[in-house]
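One structure is given below, encoded as structure tokens.
Values below: every heavy atom of this structure, side chains too, minus hydrogens, waters and symmetry copies. Numbering of ligands and ligand atoms starts at 1, following listing order. Owing to the predicted nature of the structure, the values given are computational and were not obtained by experimental measurement.
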Amino acid sequence: MSQWESLRERVLACKGCELAATRTNVVFGVGNPQAKVLLIGEGPGEQEDLRGEPFVGRAGQLLDKMLLAAGFSRESNVYIANMVKCRPPGNRDPNPQEVAACIGYLREQTKLIAPRYIVCLGRVAAQAIIDPGFKVTQQHGQFIQKAGIWLMGTYHPAALLRNPNNKPDGFDDFCKLRDRLAAEAD
Ligand code: URA
């Protein structure tokens, strides 16, 4: 069995925090594990819990639309995962214990994918991965390099559904990413 498959099996069987008791499905992640771009959300919502796939609800449909318009898709050139792999009841933020219990899996995924870029979708992921004081409205679209990986935070698609005025800025962040990848390929 590949390292990726054995990781998936461990994650699907995980009972490392109390979210295991209320989940329907573990949401391991989706996309191309060889992609240069890893997108990281917060945690599964209701639809994701039911389907076992990240970003399949309304926010996910918006994400897919923006990705496609910028030349990305979960079927081809990105991988999508979450900070926590099981749904926090009522869509609350995952608590620090839940994040601590789960983050090792995301680290293992990141090691195996070895992405060139990590895009944090929303405050929870950006504060955990980029900077504990990260402010999405002020710092979205900025690229900083850590341990050889470029990190960028942008609006969570659910936040864009609540605040459509920010959609152009959010989309622009994905266009910047596209342009950087294109420049590197030259
Ligand atoms: N929101 C997230 O952060 N992740 C999902 O998978 C779905 C909604």
Side-chain angles (χ1 to χ4, degrees), residues 7-8 11-12 14 16-17 19-20 22-33 35 37-68 70 72-75 77-110 113 115 117-132 134-137 139-141 151-164 166-167 169-171 173-174 177:
L7 173 60
R8 181 198 285 277
V11 174
L12 294 188
C14 181
C17 81
L19 297 181
T22 49
R23 74 182 178 223
T24 312
N25 285 294
V26 176
V27 179
F28 180 72
V30 72
N32 179 354
V37 178
L38 170 60
L39 306 180
I40 300 177
E42 182 178 321
E46 184 182 17
Q47 294 305 312
E48 291 76 21
D49 174 67
L50 291 171
R51 299 247 312 258
E53 184 172 329
F55 286 102
V56 291
R58 269 186 74 225
Q61 288 165 22
L62 174 60
L63 177 65
D64 280 341
K65 237 169 89 176
M66 291 197 301
L67 288 175
L68 210 60
F72 299 104
S73 79
R74 65 178 75 200
E75 289 79 24
N77 55 0
V78 299
Y79 195 84
I80 308 177
N82 280 308
M83 296 288 302
V84 296
K85 312 241 178 285
C86 297
R87 182 191 183 204
N91 296 347
R92 62 165 172 76
D93 286 358
N95 69 38
Q97 292 89 322
E98 291 155 359
V99 172
C102 210
I103 197 77
Y105 295 136
L106 182 61
R107 289 212 183 93
E108 287 188 64
Q109 285 176 304
T110 305
I113 296 168
Y117 289 91
I118 291 178
V119 177
C120 296
L121 300 169
R123 175 186 53 83
V124 171
Q127 291 190 345
I129 292 164
I130 303 176
D131 159 14
F134 193 93
K135 294 240 175 353
V136 176
T137 45
Q139 289 168 267
H140 73 90
L151 309 178
M152 185 264 276
T154 188
Y155 292 95
H156 193 287
L160 296 178
L161 288 174
R162 288 192 298 272
N163 241 322
N166 290 328
K167 278 188 192 175
D169 280 353
F171 178 58
D173 293 343
F174 288 110
L177 176 65

May I ask you to test the D64-S73 pair for a side-chain heavy-atom distance under 4.5 Å?
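Answer no - side chains too far apart.
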Using a 4.5 Å cut-off on heavy atoms from C-beta on, say whether the side chain of E42 contacts that of P94.
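Yes. Closest side-chain heavy atoms under 4.5 Å.
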If I apply the N/O under 3.5 Å rule, does [X] come out as touching ligand 1?
| X | answer |
| --- | --- |
| P44 | no |
| E48 | no |
| G41 | no |

Is A59 in contact with ligand 1, taking contact as a heavy-atom separation below 4.0 Å?
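Heavy atoms of A59 never come under 4.0 Å of ligand 1.
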Between atom CG of L121 and atom CD1 of I40, what is the distance when rounded to the nearest 0.5 Å?
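Interatomic distance, L121 CG to I40 CD1, rounded to 0.5 Å: 8.5 Å.
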Could you tell me the separation between the CG atom of D49 and the OG1 atom of T22, rounded to the nearest 0.5 Å?
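D49 atom CG to T22 atom OG1 measures 7.5 Å (nearest 0.5 Å).
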For atom 4 (N) of ligand 1, which protein heavy atom lies nearest, and how many Å away is it?
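It is N82 OD1, 2.8 Å.
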Nearest to atom 8 (C) of ligand 1, what protein heavy atom do you find, and at what distance?
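Its nearest protein heavy-atom neighbour is F55 CE2, 3.7 Å.
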Among I80, L67, L68, N32, side chain to side chain contact (heavy atoms under 4.5 Å, CB included) partner for R74
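Considering I80, L67, L68, N32, a side chain to side chain contact (heavy atoms under 4.5 Å, CB included) with R74 is found only for I80.
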Relative to the heavy atoms of P54, which atoms of ligand 1 are at a distance of less than 4.0 Å?
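Under 4.0 Å from P54, ligand 1 has these atoms: 6 (O).
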Could you check whether the rings of F28 and Y79 sit parallel, tilted or perpendicular, using 30° and 60° as the cut-offs?
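Perpendicular: the ring planes of F28 and Y79 meet at over 60°.
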Winner among E42, E53, H156 once heavy atoms are compared against atom 1 (N) of ligand 1:
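It is H156 whose heavy atom sits nearest to atom 1 (N) of ligand 1.
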